[in-house]
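The next block holds one structure in the form of structure tokens; read it before the comments.
What's counted below: heavy atoms across the whole structure, side chains too, no hydrogens, waters or symmetry copies.
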Amino acid sequence: MTAHLAVVLVEPSGPLNVGSVARLCANFGVASLRLVAPRCDPTDPQAKQMAVRGLEQLLACELYPSLEDAVADCRRVVACSGRVEAKEREHLLPQPALQWLLEPKPGPNHVALVFGREDHGLHSSELNLAGKLLRIPTSEAYGSLNLSHAVAICLAEHQRLAHVPVDSASDSSPPLPAHAALEAAMQDAEELLLEVGFLYPHTAAARMAKLRQLMLRSEPSEAEVALLRGMVRQLRWASRHGATGEPR
């Protein structure tokens, strides 16, 4: 099953960049441009001027209040990041990261390639939503890239990889869940673990980030996520009522 790529820009502040990315979406056949809480007007004349034949993509861009909402329907998410201080997360080169994004899998038909703010990129909580992190190799002397340039490099590589022949045998693995289903299960788990004292409010975010990454690496199926969520809800009911039995 061919996945539909969504390019996601988090809080873009420059209309020139937004227009340029819309043009790139047209160049590389990307139909879905998603903006998370943009700090500029996507219909600004400068954006329209830069979009050229990508004006249709620009005017059709979708707006979301948070990155979690923007990738809720996606089965896989790759985030582009220049931050290397988080040693616990591997930063992949464009080819392996985008190859993973392109792998045919049953389930939701959208995947996302996420780019951060022009001035300071993506926050740690946003990076935690991605299954893989992508880092474009640049000179150590000056590694910062313009947002639209980073998008161009990634979409060109995505286009190249999309035309590399792959095994056409059907994938018999069970469907992967949409990102929203996994996040809902994680929220249920966090509430349970806080209630039973396994998590503490001041450390919950860091420990849940590790658990979320474990789940993203394992890629549980839709049925497995539903099973885990059912177990968590039953355990939460039992912890509140002091007995086992039918959940509420």
Side-chain angles (χ1 to χ4, degrees), residues 5-25 28 30 32-42 44 46-47 50-51 54 57-58 61-98 100-101 110-140 142-158 179-180 183 205-206 208-209 212-213 216:
L5 177 67
V7 170
V8 183
L9 307 183
V10 177
E11 295 186 8
S13 60
L16 294 174
N17 272 331
V18 173
S20 296
V21 172
R23 177 176 181 168
L24 289 166
C25 287
F28 294 102
V30 177
S32 181
L33 174 59
R34 305 180 180 187
L35 307 182
V36 176
R39 294 181 286 176
C40 65
D41 181 2
D44 184 283
Q46 288 185 316
M50 293 302 295
Q57 283 82 351
L58 178 66
C61 71
E62 300 172 278
L63 306 183
Y64 295 86
S66 70
L67 179 56
E68 185 175 330
D69 292 317
V71 300
D73 63 335
C74 298
R75 60 172 169 80
R76 281 181 168 172
V77 178
V78 166
C80 187
S81 173
R83 294 171 54 185
V84 295
E85 68 272 17
K87 300 298 183 182
E88 70 276 7
R89 296 289 307 277
E90 181 183 10
H91 289 66
L92 300 177
L93 293 173
Q95 179 175 341
L98 296 171
W100 176 78
L101 206 61
H110 286 90
V111 295
L113 181 56
V114 180
F115 298 86
R117 304 158 185 84
E118 290 97 330
D119 50 357
H120 60 276
L122 294 165
H123 299 153
S124 294
S125 60
E126 294 162 339
L127 293 173
N128 287 334
L129 296 175
K132 304 287 184 185
L133 302 183
L134 180 158
R135 184 171 187 270
I136 298 170
T138 54
S139 167
E140 292 184 3
Y142 186 40
S144 178
L145 283 168
N146 172 271
L147 172 61
S148 64
H149 294 176
V151 174
I153 291 169
C154 291
L155 290 186
E157 181 65 7
H158 182 273
H179 205 275
E183 281 301 308
M208 286 303 299
R212 180 176 285 101
Q213 286 308 308
L216 288 171

- For Glu157 and Leu98, indicate whether the former's side chain and the latter's backbone hold a donor-acceptor pair under 3.5 Å. no

- Item | Closest heavy-atom pair and its distance - Leu147, Gly116 | CD1-O, 4.0 Å

- Item | Ionic contact status for Asp69 with Arg34, cut-off 4.0 Å | no

- Looking only at non-hydrogen atoms, find the nearest pair between Asn128 and Gln213 and report the distance. O-NE2, 2.9 Å

- Task: Please examine the side chains of Leu133 and Val78, heavy atoms only from C-beta on, and report whether any two atoms are closer than 4.5 Å.
- Result: no

- Note on the structure: Between the CG atom in Leu134 and the CD atom in Glu90, the distance rounded to the nearest 0.5 Å is 11.5 Å

- Rounded to the nearest 0.5 angstrom, the CD1-OG distance for Ile153 and Ser148 is 10.0 Å

- With no hydrogens and no angle check, is any side-chain donor or acceptor of Thr138 less than 3.5 Å from a backbone partner on Gly143? yes

- Message: Within the 4.5 Å heavy-atom criterion, are Leu5 and His158 side-chain neighbours or not?
- Response: yes

- Message: One thing to verify: whether Glu183 and Arg212 come together as a salt bridge, which I'm taking to mean a side-chain N less than 4.0 angstrom from a carboxylate O.
- Response: yes

- Message: How close do Ala79 and Leu122 get, counting heavy atoms only, and between which atoms?
- Response: CB-CD1, 3.8 Å

- Task: Please answer whether the main-chain N or O of Leu129 pairs with a side-chain N or O of His179 as donor and acceptor at a distance below 3.5 Å.
- Result: yes

Extract all donor-acceptor atom pairs below 3.5 Å that involve side chains of residues 12-25 and protein atoms in other chains or at least two apart in sequence.
from  : atom 1 : to     : atom 2 : distance (Å)
Ser13 : OG     : Glu118 : OE1    : 3.2
Asn17 : OD1    : Asn146 : ND2    : 3.3
Asn17 : ND2    : Glu118 : OE2    : 3.3
Ser20 : OG     : Leu16  : O      : 2.8

- Query: Between Glu126 and Arg117, is the closest basic N to carboxylate O distance under 4.0 Å?
  - Reply: yes

- When rounded to the nearest 0.5 Å, the distance separating CG of Leu92 from OG of Ser81 is 11.5 Å

- Query: Less than 4.5 Å apart, any side-chain heavy atom of Val77 and any of Leu67?
  - Reply: no

- Query: Got a sec, which residues hit side chain to side chain contact (heavy atoms under 4.5 Å, CB included) with Ala150, two or more places apart in sequence or on another chain?
  - Reply: Phe115, Ile136, Leu145

- Taking Arg76 for its side chain and Leu101 for its backbone only, find out whether a donor-acceptor pair lies under 3.5 Å. no

- Check Leu63 against Pro42 and note the closest heavy-atom contact, atom names and distance. CD2-CG, 4.4 Å

- Heavy-atom distance under 4.5 Å between the side chains of Arg135 and Leu93, does that happen here? no

- Where do Ser32 and Glu62 come nearest, in terms of heavy atoms and distance? OG-OE1, 3.6 Å

- Query: Would you say the side chain of Cys154 lies within less than 4.5 Å of the side chain of Leu113, judging by non-hydrogen atoms?
  - Reply: yes

